[in-house]
Protein chains: 2
Amino acid sequence: MSSDTVDGDTRPAPADPGRPDTAELSRPARRQAEIAAYVVEHGSVSANDLVEAFGVSVMTVHRDLDELERQGVVRKYRGGVTAQPTSVFESNVAYRLNTAQAEKSALARHARAMIEPGMSVMLDDSTSALALVDLLEDITPLTVATNFLPAISKLTGLRDVTLLALGGIYSATHDSFGGMPCAEAVEALHTDFLFCSVSAVSPTHAFHQEEEIVLVKRAMLRSARTKVLLVDHGKLQRTALHRLAPLTDFDVVVVDEKTPADLVQALRDNGATVEVAPL
Amino acid sequence: MSSDTVDGDTRPAPADPGRPDTAELSRPARRQAEIAAYVVEHGSVSANDLVEAFGVSVMTVHRDLDELERQGVVRKYRGGVTAQPTSVFESNVAYRLNTAQAEKSALARHARAMIEPGMSVMLDDSTSALALVDLLEDITPLTVATNFLPAISKLTGLRDVTLLALGGIYSATHDSFGGMPCAEAVEALHTDFLFCSVSAVSPTHAFHQEEEIVLVKRAMLRSARTKVLLVDHGKLQRTALHRLAPLTDFDVVVVDEKTPADLVQALRDNGATVEVAPL
DNA sequence: GCTTCTTATCGCGATCTGATGTTATGTTAT
DNA sequence: ATAACATAACATCAGATCGCGATAAGAAGC
C-alpha cells in the first residue's frame, strides 16, 4: 500500500513547474483535475492504476471518477474509465487548473474601475467575471445579471445589489445556466456593461469550445451597450472550435500585464481597443 | 450581563408550546425570527431593549438587525428599529418559524408518489416544494424547473436530473427569483406537474401576500398540465391579501392528516379534489 | 465637544462539513 | 459459481466556518 504517497502532506504541494497553477484548489478538486489530465493523456485507464498513481483508496478513486463523469469529462465502464472528446476537458479542466489567479484579479480590478454606482452589468460564466463579483460590493447601488451560479450565490448576500439571475438549463460542466431559455432571458435585457471571457483569442477573433455557450454569449453581446472582453495572456496563444465574434465587436479588450507586447500590438493592428491591466 | 441566559445551552431549546415549531433552525436564525416577532409586536424597539430581552451582546443584536433589514422585515434608524408593513413579516418570518416539518414531509411524500421517471415538474418557492426535492433523487430521469434558490442548489448536485432554473429578480425575503423576467421564463415552458404552496387557503380560494409572487404563481398555473397544491393544515385558517386562484384550478389539493375533517369536507363541498397525505 | 450609538476588526471556542478509509453488501462478467 | 469490481453504509479525523463577544475606531446627534 505504497506508504510513501499517503498523508502527512506538509509539502507545499507538488507545484509541478510548467503546469498551470493548482494551488488554492481544494485537495479533492486538485486530485480530480490531475486524474482527469491523467486519463486524457492515457486515453483509458483502470481504477486500480489510479489507486496506485495517486495513492488513495479505491473508494476515493471511484468517487472522483463519479464526479468527473458527472462533469462529462470521462466515461466509466466496468474496470476503468475512458476520456471523452477533448472539448469538454478543455473547457472544464482547463478552467479548474488554469486559475491564473493573479491575472484574473488584475483584470477584475481594471474592469471594476469602469463601473459606477447605479449602473447595470452583465457577467458571463467565467472565473474572470467571478473575480469581479468580489469587487462589486461597494459600488452600490448596482444591478447585476448573470447566468453563473457561483456568482449568483455570492451576489445574493449583497445588499444594494439588484440581482437578476439568468435562468436556463443547468450545466454541471460550467456550473451555469444556458441554452435557449437563457438566451431568451438575455434578449429581454439591456445592460450598461457586459464583462465576459472566452476560451481562446486570436489576433482578430474570440473563440469558444461549445456551441451552446456561444449561443448565450452572442445574445449577451447583443444585450449590452459597452462590451468588455477580459483576456488573461494564457488565452492568446490558444485556439478553440467555434468563432464567437470579431474582437472589434467588443468596445474594450482588457489583457493582463504579462501579455507579450507583440501580441498586444497584433490585436491593435487589427482594430481592437486594447487596455492593459497592471498586476 | 445576565449570566443566566448565556451559553451552556444543553436545554432542549425553549420550545415555547403554543408557538410554531422553531426547532432545527440554526440558533441565530431562531433568535432573529424571535427578534422579528418581538419587533412586530412592539412596533418599534431600541437595540438595548433587545440586548436585555435576548441576553446577547449589542454587536450580535446589530448583526441580527442588519440581516432582518436585508430581508426587508425591519427598518433601522439610529437607536433602534421599526417593524415594516406586516405582509413581509408574514411571508418571511412565518415561513421561517412555521416549519411544520412533519406535515411538509408528509405532503412531499404524497406528491412524490405522483411523479414517474421521465416527467417534468415545476416547483415554486415554498418549503413544501423544498421537502419534495429531497425525494426526487431516485425518480430519474427527471426534469425540474424552479425559481427557488435552495432547491436549485440542491438539484445541481443530482445526476440524471435536468435542472431548469427560472431566473428573475432575486428576492432576499423569499430567497427566490421573481418578477416579470421570471414570469416570462415560466411562460416559455410547459411541464407535466406543478407542485406549489400558498400562504393561505380559504374553502374556495388560494391566497398569497405579495403581488409579485402571485404574478409568478399564476404563470406557473398556466404552464403545467397537472397542478397540485400542497397545504399544511396551518394554512387553512389563515387569510392573506391577494386572491391567487380558485381551488378548482388545481387538479389536486393535498392536505396533511392533521387537517380537521370538517375543513376537508368544506373544500370538497366547494368542488375541490382533496387528497389527504398520511403522516 | 461630548455622549451615544454604530461599525470594523480580531480572537476564541464550538460546531459542522468534507474527505477519506474500512467493512460489508450488492453486481457483473466469465 | 466464483472472482473481480462497484457501491453502500458507517466511523473518524481535520480543517473550515460560524457565532459571538470584546475592544477600538468611527459617525451622528444633542
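Because the structure is predicted, anything quoted here is derived from the model rather than measured.
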Looking at B:Glu34 and B:Arg31, is there a salt bridge between them, counting it only when a charged N and a carboxylate O are closer than 4.0 Å? no
Taking 4.0 angstrom as the limit, do A:Asp66 and A:Lys76 come out as a salt bridge? yes
Intermediate values then yes/no, side-chain hydrogen bond (donor to acceptor under 3.5 Å, both in side chains), B:Asn48 and B:Ser46: CA-CA 5 Å; B:Asn48 282 330; B:Ser46 80; 5.2 Å; no
Which one is paired to D:dC10, where only Watson-Crick or G-U wobble pairs with both distances under 3.5 angstrom count?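 D:dC10 is paired with C:dG21.
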Can you check whether A:Thr60 has a side-chain N or O nearer than 4.0 Å to OP1 or OP2 of C:dG21?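 Answer is yes, contact under 4.0 Å.
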Does the side chain of A:Arg31 get closer than 4.0 angstrom to OP1 or OP2 of C:dT20 through an N or O atom?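 Yes, within the criterion.
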Using atom [atom1] of [X] as one end and atom [atom2] of [N] as the other, report the distance to the nearest whole Å.
| X | N | atom1 | atom2 | result |
| --- | --- | --- | --- | --- |
| A:Arg30 | C:dA19 | CZ | P | 12 Å |
| B:Leu50 | C:dT6 | CG | P | 11 Å |
| B:Asn48 | C:dT3 | CG | C1' | 14 Å |
| A:Asp64 | C:dG21 | CG | C1' | 13 Å |

Using nucleotides 7-12 of chain C, report all nitrogen or oxygen pairs with the protein that are shorter than 3.5 Å.
residue	atom	partner	partner atom	Å
C:dT7	OP2	B:Lys76	NZ	3.0

Does any donor-acceptor pair link the side chain of B:Arg78 with the base of C:dT6 at a separation under 3.5 Å?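 For B:Arg78, whose side chain was compared with the base of C:dT6, there is no donor-acceptor pair (under 3.5 Å).
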Return the minimal non-hydrogen interatomic distance between A:Gln71 and A:Thr173, and the atom names on each side. O-OG1, 3.0 Å
How far apart are the C-alpha atoms of A:Lys104 and A:Ser128, what are their side-chain angles, what is the distance that settles it, and do they pass the side-chain hydrogen bond (donor to acceptor under 3.5 Å, both in side chains) test? CA-CA 5 Å; A:Lys104 300 267 166 75; A:Ser128 306; 4.7 Å; no
Hey, which sits more toward the 5' end of DNA chain C by its nearest nucleotide, B:Tyr77 or A:Ser57?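 Nearest nucleotide further toward 5': that of B:Tyr77.
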Checking B:Asp175 against B:Tyr170 for the side-chain hydrogen bond (donor to acceptor under 3.5 Å, both in side chains) test, could you report, in this order, the C-alpha distance in whole Å, the side-chain angles of both residues, the deciding distance, and whether it holds? CA-CA 7 Å; B:Asp175 207 4; B:Tyr170 177 71; 2.7 Å; yes
